[in-house]
Amino acid sequence: MNLTKIAAEAESVLDFKPIDEVAYKNTEKVLNAFREMRVSDAMFMATSGYGYDDKGRDTLDQIYAQVFNAEAAFARHNIVSGTHALTIALFGLLRPGDVLLSITGKPYDTLDEVIGGSDGSLKDFGIDYRQVELGEDYKIDEKVKVVFIQRSKGYTNRRTLPVDEINDMIKYIRSVSNAYIIVDNCYGEFAEETEPCADLLVGSLIKNPGGGIAESGGYLAGTKRAVELASYRYTSAGIGLECGASLGQNKSMYKGLFFAPHVVAQAKKTAMFAAYVFEKLGFEVEPKWDGFRGDIIQAVKLNAPEYLCAFCRGIQKGSPVDSFVTPEPWEMPGYSDKVIMAAGTFTQGSSIELSADGPMRPPYTVYFQGGLTYESGKIGILSAAEEILKIKNGS
């Protein structure tokens with residue numbers, strides 16, 4: 001197969017105009033929030049110790065609330081991952097005897113131990129868990145305290161959920177129950193013009209909203225009461241968001257949020273290109289190159305462990321950092337299967353940068369995401385395709 005020809009065909013077929021229009025509207029939304037909150041250089045100053053009266057930290061919280069159309073929010077550099085942010089949300093809202101109900105099937109693998117592990121899990125605190133597959137009927141009884149919705153596909157082969165569909169789910173839940181609603185918003189921020197209207201939206205700053213600039217962190221945004229309860233889990237009861245030194249991280253978090261709509265657009269373009277190339281190479285992809293994109297993830301069903309490893313090798317070779325490293329499957333903490341990950345990134349584990357990963361289990365689907373620039377993302381995708389073609393061609 002002529003990879004150069006396929007790439008040229010892709011460039012002539014792909015229409016990026018809708019992606020750019022979404023990026024423009026989201027950039028306008030972020031810029032308006034910065035201007036209305038009167039962001040100044042003084043807000044980038046570091047605080048230490050308890051971090052009382054950190055103006056930059058508190059203003060950024062207000063900006064996140066406005067951008068995500070929420071009553072309240074907080075973003076903190078010392079939330080270590082999306083899983084950590086979700087754990088804060090879950091333990092903030094749930095109490096012993098409550099039930100957590102997932103209505104979009106099994107959550108992302110790293111929540112397995114949070115939900116049903118032993119020491120320190122929800123189960124350990126007497127909180128029960130139920131789940132139904134996406135689209136199945138479900139009942140919300142009085143014990144269900146939190147309904148969980150995962151926007152992105154995670155390590156499953158289902159589609160990513162559009163914001164309108166999520167909001168329809170939320171509208172129905174609120175019509176029959178007083179349960180809190182948590183949306184795992186990871187990978188979806190700024191992929192559409194609006195965000196879901198949940199009690200808590202939760203995400204990671206080394207994914208979309210960090211714009212490839214924030215070096216760590218996470219956010220929670222939603223109703224005032226839900227954010228307040230989560231804040232007591234983040235620090236402690238009685239303290240909430242009053243404490244927490246920014247330690248010089250404010251500037252990168254502000255700057256990352258400002259860049260985020262544009263960077264997400266670059267990642268979506270890269271994913272669109274990847275879908276076209278790998279479909280032409282004979283693989284099943286989700287979404288299709290011309291399909292709806294509600295997040296930055298592109299899934300490619302490779303059907304063989306050697307292809308999964310080859311894809312990740314190619315992404316690593318096409319990365320700006322650690323391009324000489326060969327990724328291998330390993331038992332990564334929080335995952336139920338061995339996982340292979342490629343991430344030649346400036347920030348370790350950053351999913352908004354060029355990255356790919358997948359569990360070592362059939363059908364050996366790789367989940368590709370990111371690309372700080374479309375140009376570098378395209379180079380990485382072609383590198384991954386070349387590695388797979390080497391195996392196909394026996395070379």
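All residue numbers in this chain count up from 1 along the given sequence. It should be emphasised that the depicted structure is a prediction, and the values quoted were computed from it without experimental measurement. All values below come from the heavy atoms of this structure, side chains included, with hydrogens, waters and symmetry mates left out.
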Undergrad: After noting the C-alpha distance and the side-chain angles of E11 and K378, does the key distance pass the salt bridge (charged side-chain N to carboxylate O under 4.0 Å, His left out) rule?
TA: CA-CA 10 Å; E11 290 292 348; K378 179 180 175 182; 2.7 Å; yes
Undergrad: Looking only at atom types and distance, does a side-chain atom of S319 sit under 3.5 Å from a main-chain N or O of V321, one as donor and one as acceptor?
TA: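 Pair absent, no side-chain N/O of S319 close to backbone of V321.
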Undergrad: Looking at S152, is its backbone amide N or carbonyl O close enough to the side chain of Q150 to form a donor-acceptor pair, meaning the two atoms are under 3.5 Å apart?
TA: yes
Undergrad: Okay, side chain of K268, backbone of A191: is any donor-acceptor separation there less than 3.5 Å?
TA: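 Yes, K268 side chain to A191 backbone: donor-acceptor pair under 3.5 Å.
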Undergrad: Quick one: salt bridge (Lys or Arg N to Asp or Glu O under 4.0 Å) pairs with a partner in residues 255-265, sequence neighbours left out?
TA: none
Undergrad: Please state whether the rings of F311 and F278 are parallel, tilted or perpendicular, taking 30° and 60° as the class boundaries.
TA: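 Tilted.
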Undergrad: Do any N or O atoms from the side chain of S121 and from the backbone of D124 form a donor-acceptor pair under 3.5 angstrom?
TA: yes
Undergrad: Quick check: does any side chain N or O of H77 sit under 3.5 Å from a backbone N or O of S252, one acting as donor and the other as acceptor?
TA: no
Undergrad: Cut-off 3.5 Å, no hydrogens considered: what does the side-chain donor-acceptor table look like for residues 126-134, sequence neighbours left out?
TA:
from, atom 1, to, atom 2, distance (Å)
Y129, OH, Q131, OE1, 2.7
R130, NH1, D141, OD2, 2.9
R130, NH2, D141, OD2, 3.2
Q131, NE2, E133, OE2, 3.4

Undergrad: Using atom types as modelled and distance alone, determine if a side-chain donor or acceptor of S246 lies under 3.5 Å from a backbone N or O of R57.
TA: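 No, S246 side chain to R57 backbone: no donor-acceptor pair under 3.5 Å.
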Undergrad: Among residues two or more places apart or on two chains, list those pairs meeting salt bridge (Lys or Arg N to Asp or Glu O under 4.0 Å) that have a residue in residues 337-349.
TA: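 For residues 337-349: D337-R361.
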Undergrad: Would you tell me whether S81 and S204 have side-chain atoms, one donor and one acceptor, within less than 3.5 Å of each other?
TA: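 No pair is found: no donor N or O on one side chain lies under 3.5 Å from an acceptor on the other.
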